[in-house]
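Heads up: the structure comes next, in structure tokens.
Residue indices begin at 1 and follow the sequence shown. Reckoned from all heavy atoms, side chains included, excluding hydrogens, waters and symmetry mates. Counting convention: from 1, in listed order, for ligands and their atoms alike.
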Amino acid sequence: MARIPRPPAPARRDSVRNSPAKIDPTEAHRLASAGAALLLDVREAGEHAEVHAPGALLVPLTALAGLTGPTGPSGSAPGPGAGSSPVEAVRTAADGRPVLVVCRSGNRSAIAAGLLDALGVPAMNVTGGMRAWSLAGLPMHSGACRCGGAI
Ligand SMILES: [Zn+2]
């Protein structure tokens with residue numbers, strides 16, 4: 001008896017080719033300052049403290065992707081925490097609005113936007129990151145203020 005091998009998946013999920021939508025910094029700032037979108041900064045806290053877009057919610061990519069170091073089993077984990085994951089927190093903060101993801105140059109934000117999209121949180125990548133944001137002459141904060149909150 002010939003066993004039928006498991007057929008290959010017909011639709012190949014290529015996360016590289018299926019890149020998230022993009023938005024330029026000027027448009028991102030316009031939407032975010034109008035309250036029509038949530039600006040999400042996925043850099044590390046130290047980078048955010050140097051300079052950031054006003055009102056950007058700080059959630060480092062490492063936290064968003066669940067890569068925040070080893071969480072030892074001996075640690076006092078409060079529970080399953082499914083409802084308190086960074087992704088769920090972003091979903092709650094976005095409240096149905098698109099999430100505009102920014103980083104330093106646009107690489108980490110592309111990853112984060114793809115991750116959020118895949119989890120059902122509509123997200124767009126701010127092209128060029130804070131570098132392009134700065135070049136566009138858009139307003140910026142320097143210092144460790146948490147004007148947009150942090151997760
Ligand atoms: Zn600020």
Side-chain angles (χ1 to χ4, degrees), residues 12-151:
R12 221 175 50 178
R13 284 198 179 182
D14 198 329
S15 58
V16 176
R17 295 180 63 171
N18 189 17
S19 54
K22 295 171 186 171
I23 186 168
D24 67 69
T26 304
E27 187 65 13
H29 174 252
R30 217 164 55 89
L31 289 176
S33 54
L38 175 72
L39 199 56
L40 177 68
D41 191 329
V42 294
R43 299 173 303 158
E44 298 299 319
E47 299 174 89
H48 180 271
E50 284 175 25
V51 65
H52 58 267
L57 173 65
L58 173 65
V59 187
L61 176 61
T62 46
L64 197 66
L67 305 172
T68 42
T71 41
S74 56
S76 53
S84 63
S85 79
V87 170
E88 289 310 312
V90 170
R91 193 198 302 274
T92 301
D95 195 24
R97 297 171 298 167
V99 179
L100 313 180
V101 194
V102 67
C103 67
R104 185 189 290 272
S105 66
N107 289 326
R108 279 172 287 176
S109 54
I111 296 169
L115 182 77
L116 289 168
D117 249 353
L119 294 169
V121 183
M124 286 189 265
N125 180 23
V126 178
T127 53
M130 287 308 295
R131 236 172 41 184
W133 187 283
S134 167
L135 286 172
L138 296 168
M140 296 192 293
H141 285 175
S142 56
C145 72
R146 290 288 158 82
C147 51
I151 294 173

Can you check whether [Y]'s main-chain N or O pairs, donor with acceptor, with [X]'s side chain at less than 3.5 Å?
X	Y	result
Arg91	Leu119	yes
Arg131	Gly128	no
Ser33	His29	yes

Query raised in the report: Does a donor on one side chain and an acceptor on the other come within less than 3.5 Å for Glu44 and Thr62?
Result: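 Side-chain D/A pair, Glu44 to Thr62: present.
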
Query raised in the report: Does a side chain donor of either Asn125 or Ser109 reach within less than 3.5 Å of an acceptor in the other side chain?
Result: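 Indeed, the side chains of Asn125 and Ser109 share at least one donor-acceptor pair under 3.5 Å.
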
**Report entry** Any residue meeting ring pair (Phe, Tyr, Trp, His ring centres under 6.0 Å) with His48, in chain and number order, not counting sequence neighbours
**Finding:**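 Checked His48 against ring pair (Phe, Tyr, Trp, His ring centres under 6.0 Å); matches are His52.
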
Report task. Mind checking how many protein N/O/S atoms fall short of 2.8 Å from the Zn ion (ligand 1)? Result ->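 That number is 4, waters not included.
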
